[in-house]
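The next block holds one structure in the form of structure tokens; read it before the comments.
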Amino acid sequence: MPELPEVEALAGFLRQHAVGAVVGRVDIAALSVLKTFDPPITALQGRDVTGAARFGKHLALDCDGLWLVTHLSRAGWMRWLDNPSATPPKPGKGPLALRVHFFTPEGLTPAFDLTEAGTKKRLAVWVVNDPQEVPGIARLGPDAMAVTEAEFAQILGGTSARIKNSIVEQSLIAGIGNAYSDEILHTAKLSPFATSSRLTPNQISTLYSVMRSTLADAIERSEGQDAARLKGEKRSGMRVHARTGLPCPVCGDVVREVSFAERSFQYCATCQTGGKPLADRRMSKLLK
């Protein structure tokens, strides 16, 4: 799933390539992707692109006051096309969900595609007058790159959830997902199952600093990358996420995994849990 650094990079890419263009035809290849009907998506046509922004993990294109907002979900992505086909795509064929065409001042006619792999279709698109009209944006907590340390401590102190769940809960902290939470907790040397409200002030301070530095480093690596390269850039920077069975780059212990019905997370027992493997999904407790 694209998270804060990747969505920020995609917003930057759109600022560079789409701002100043005029929206042309909008092709919908998967009707289920569109979550709003008023204003209609055709209202975007002919509007100047005046900005692009990130709200948590939502990507938004400002078309002269009318916003095209998307959440790429787990398997969605944006793909830029310098020379898109003039033929409208056939609905239901392949991963394409939506294509937005542009006319640039230089006379070019690029486009971007929103695609989604797999059979579970969760990619979502809204056309709204205000991004706060999107339910997922309206409920966002403070952004992970904007929250202060005092706010962060107050948020964690107010929940008894496990720290892994707390920092990916968008209504508490916006922008972090499964992958970067694994990396942050590994660097901070915290168990994913630690209780948020029981962290010491020193642990919270360390976690806050690590969160900011991990995301800032990922944003820096992603800057200037085109959309096609961002996934590879994200994977290349991971130390434990999606590295089950490989050695931890810090201590050399094997990277372990906890699996759930639709997701999994990775951690290092030596670095994070005092050498104790975490339980599987049936137990959800430290093995004694």
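Count residues from 1 along the sequence.
A salt bridge links Arg54 with Glu8: at least one charged nitrogen is closer than 4.0 Å to a carboxylate oxygen. Under 4.0 Å is where a charged nitrogen must lie from a carboxylate oxygen, and between Arg139 and Glu169 at least one such pair does. The pair Arg99-Asp27 does not meet the salt-bridge criterion, since no charged nitrogen lies less than 4.0 angstrom from a carboxylate oxygen.
Taking a 6.0 Å sphere around CD of Glu133, one finds it holds more than 12 heavy atoms contributed by other residues, nucleotides or ligands.
Residue Leu215 comes nearest to Ala144 through the heavy atom pair CD1-CB, 3.7 Å, listed as atom of the first residue, atom of the second, then distance. Ala124 and Thr70 get closest at one heavy-atom pair: O-OG1, 3.0 Å. Nearest heavy-atom pair across Thr159 and Leu172 is CG2-CD1, 4.4 Å.
Residues Asp130 and Trp67 have side chains not in contact (no heavy-atom distance under 4.5 Å, counting atoms from C-beta outward).
Put simply, OH on Tyr208 and CG on Leu156 are 11.5 Å apart, with the number rounded to the nearest 0.5 Å. Going from atom CZ of Arg122 over to atom CZ of Arg74 covers 5.0 Å, rounded to the nearest 0.5 Å. Here CD1 of Ile184 is found 11.0 Å from CZ of Arg212. Values are rounded to the nearest 0.5 Å.
Looking only at distances, a side-chain donor or acceptor of Glu183 sits under 3.5 Å from a matching main-chain atom of His241.
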